[in-house]
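Both counts, for ligands and for their atoms, begin at 1 and track the order of listing.
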Amino acid sequence: SARDSQIFIIGCGISGIGAAQKLLKHGFHNVHIIEATARSGGRIRTGRLGDNFVEIGANWIHGPSKENPVFRLACDYQLLDKESMSEENQAIDVGGHPLFVPNWFTSSGRKLGLEMMGPVAEVERLAPEEWKEDQANTEIKMAMINTLLKLECCVSGTHTMDDVGLGAFGMYKTLPGLDCTFPGGYEGLIDHMMKELPKDIVLYNKPVKCIHWNYTKNGPSGTSFPVTIECVNGETFAADHVIVTVPLGYLKKHQSTFLSPPLPLHKLHSIQKMGFGTNNKIFLEFEQPFWDEDCELIYLVWEDETHLADVVSDVKMSWIRKLIGFTVLKPTERYGHVLCGWIAGRESEYMETLSEHEVLHSVTQLLRIFTGNPTITPRKLLRSQWFHEPYSCGSYSYAAKGCSGYDIDNLAEPLPLKGSNSKSLQVLFSGEATHRSFFSTVHGALLSGWREAERLISHYTPASGSFSSKL
Ligand code: 6YU
């Protein structure tokens, strides 16, 4: 029967897990996940810094409210605290920009007063001649704007905002609800989802090398399969359908070898055009805080950066200038005094090549300068290295200049294309980057996995009144 078809899902991130869950629920029983690494979760990864859980990958549920499937799952599994689940929290709508209580430190060791903050937002609206009237503060405001611009690079996961396209940027949708975190770690969500799947569904440590499609291999009982999956270790798997969930960064890097025959040109072009960048975290633990008790976000401002720029001129010498500052891990009773630094772009990719010791040294020097306190010494450091993760090749996708919704639709389009005579839906595509309005998020990834599972389900569900089977 249709439900016997062999389905392989490549990648055990939330998109792949979501697809498997949905297929199994609809009676498909020959479903397997092939995962390159030894673990599930992909870019959802909870690590440890001393006694603390810290998120190496995804951090928040963006827009935790009823419409968000990650929020719904997290509530079902009881993984959130009361406040995050409250109706009030769900109703707060800040358009994707949580309002953190900030502290501003500058490169001359000054701590800026909050009164500076208002005028920064105003500067963007002022006519150039009006700027001059406030000459004394113009330069420091420009420097503050540069910090905010670098922060936008982190949010979008891009090297520079010059690479982000305005049109497609507008396709990204925010949901109501004030962003919240998982007190027990984001990976708890993965653990719960995995518990609902059969134990042996995932084949770990099996990086896929190539998907051979439009290809017929005779199976044991004379059945024929259009797809053969070839793993790096030489093993092969015959399939009717394959759902590819690998990150866009991985597809970009391996675009010419990952499929055979190769991807159709329009699909290839869209893969090249869509953006995929790096955003990394640097966690630091301190004995004592140097920030205010209510502070949630520490900004670092370079006073000599008085011209609009979000990239540094000499990456090797000055990569640390791209570090926008730190979010403060709350509540303090749970974490102690832990900061999470944010750094995007090629400066971030360069940081990954340095030893932990070198990064610690640079960050310590930086903090001593910005606080004017020559004794500040972080106790521990942990940083992510998403660009050099061989099965991620970066952090998440963004709508690059020149991209449109069609490019995202092209990424999501299954193979072979409509109108071809061969067996349809051989290779399907899901993953964060294939979602038109929620790209770059966990909920976008989950929804895209469900979408491709549903595509297969409806493929095998004869339209009512029709006698023809699609098999
Ligand atoms: C969110 C957040 N968040 C921070 C950082 C990162 C990400 N995201 P997966 O990669 O998970 O799975 C694929 C699997 O495939 C994987 O296991 C591989 O090992 C495997 N694989 C690869 N190659 C293979 C092969 N050859 N063979 C076999 N297997 C193979 N999202 O909702 N909240 O706070 C953050 C953040 C540092 C790195 C994030 C966040 C993104 C999510 O982590 C990500 O989308 C999903 O986990 C992806 O799941 P998946 O299954 O698709 O892939 C206007 C405007 C616009 C801009 N954007 C707004 C900003 C929102 C983004 N914010 C992110 C921020 C943070 C901090």
Side-chain angles (χ1 to χ4, degrees), residues 8-19 33-45 55-64 68 70-71 95-97 152 154-158 164 166 168-175 179-182 186 189-190 202-211 229-232 243-251 253-254 257-258 275-281 327 340 342-344 348 383-387 389-399 429-435 437-449:
F8 282 87
I9 297 165
I10 302 181
C12 196
I14 194 155
S15 181
I17 299 168
I33 302 178
I34 306 185
E35 167 56 45
T37 68
R39 57 177 287 278
S40 305
R43 283 170 278 169
I44 295 175
R45 191 201 299 176
E55 304 296 357
I56 312 289
N59 219 77
W60 295 280
I61 302 183
H62 290 308
N68 187 326
V70 173
F71 175 71
H97 277 86
E152 286 303 321
C154 291
V155 173
S156 280
T158 184
V164 176
L166 258 189
F169 192 74
M171 294 185 321
Y172 181 82
K173 282 205 188 92
T174 60
L175 296 170
D179 290 5
C180 67
T181 56
F182 289 77
Y186 225 126
L189 175 67
I190 297 296
V202 190
L203 309 166
Y204 290 105
N205 298 308
K206 286 202 198 308
V208 169
K209 185 177 170 193
C210 182
I211 299 162
I229 300 158
E230 179 193 353
C231 292
V232 169
I243 303 179
V244 175
T245 80
V246 305
L248 175 62
Y250 184 90
L251 269 187
K253 193 168 173 185
H254 301 277
T257 54
F258 197 57
F276 195 79
T278 304
N279 180 19
N280 274 312
K281 303 180 182 182
T327 45
C340 172
W342 298 86
I343 180 166
S348 187
R383 46 80 195 258
S384 61
Q385 291 168 292
W386 287 105
F387 183 68
E389 292 285 337
Y391 303 106
S392 303
C393 312
S395 300
Y396 40 87
S397 63
Y398 63 90
F429 295 84
S430 76
E432 156 274 301
T434 69
H435 198 284
S437 41
F438 299 138
F439 55 85
S440 78
T441 67
V442 172
H443 53 286
L446 177 60
L447 287 170
S448 73

What do the steps show when you test Trp386 against Tyr396 for side-chain contact (heavy atoms from CB on, under 4.5 Å), and what is the final call? CA-CA 9 Å; Trp386 287 105; Tyr396 40 87; over 6 Å; no

Has Ser348 got a side-chain atom pairing as donor or acceptor with Asn279's backbone, closer than 3.5 angstrom? no

Quick one: does any side-chain atom of Asp179 pair with a main-chain N or O of Pro64 as donor and acceptor, under 3.5 Å? no

Between the side chain of Ser448 and the main-chain N/O of Gly431, is any donor-acceptor distance below 3.5 Å? yes

I'd like the atom pairs linking ligand 1 to the protein - N or O on both sides, separation under 3.5 Å - with distances to 0.1 Å.
from	atom 1	to	atom 2	distance (Å)
ligand 1	10 (O)	Arg43	NE	2.7
ligand 1	10 (O)	Arg43	NH2	3.3
ligand 1	11 (O)	Arg43	N	2.9
ligand 1	17 (O)	Glu35	OE1	2.7
ligand 1	17 (O)	Glu35	OE2	3.3
ligand 1	19 (O)	Glu35	OE2	2.7
ligand 1	26 (N)	Val208	O	3.1
ligand 1	26 (N)	Tyr250	OH	3.0
ligand 1	27 (N)	Val208	N	2.9
ligand 1	29 (N)	Ala36	N	3.1
ligand 1	31 (N)	Val442	N	3.4
ligand 1	32 (O)	Val442	N	2.8
ligand 1	33 (N)	Trp60	O	2.8
ligand 1	33 (N)	His62	NE2	3.2
ligand 1	34 (O)	Asn59	N	3.0
ligand 1	34 (O)	Trp60	N	2.8
ligand 1	43 (O)	Arg43	O	3.4
ligand 1	45 (O)	Thr441	O	3.1
ligand 1	51 (O)	Ile14	N	3.3
ligand 1	51 (O)	Ser15	N	3.0
ligand 1	52 (O)	Glu432	N	2.9
ligand 1	53 (O)	Arg43	NH2	3.0
ligand 1	58 (N)	Ser440	OG	3.2
ligand 1	63 (N)	His62	NE2	3.2

Please list, chain by chain and in numerical order, all residues satisfying salt bridge (charged side-chain N to carboxylate O under 4.0 Å, His left out) with Glu389, sequence neighbours excluded. Arg45

Using modelled atom types only, decide if a donor and an acceptor are shared between the side chain of Lys281 and the backbone of Glu55 within a distance under 3.5 Å. yes

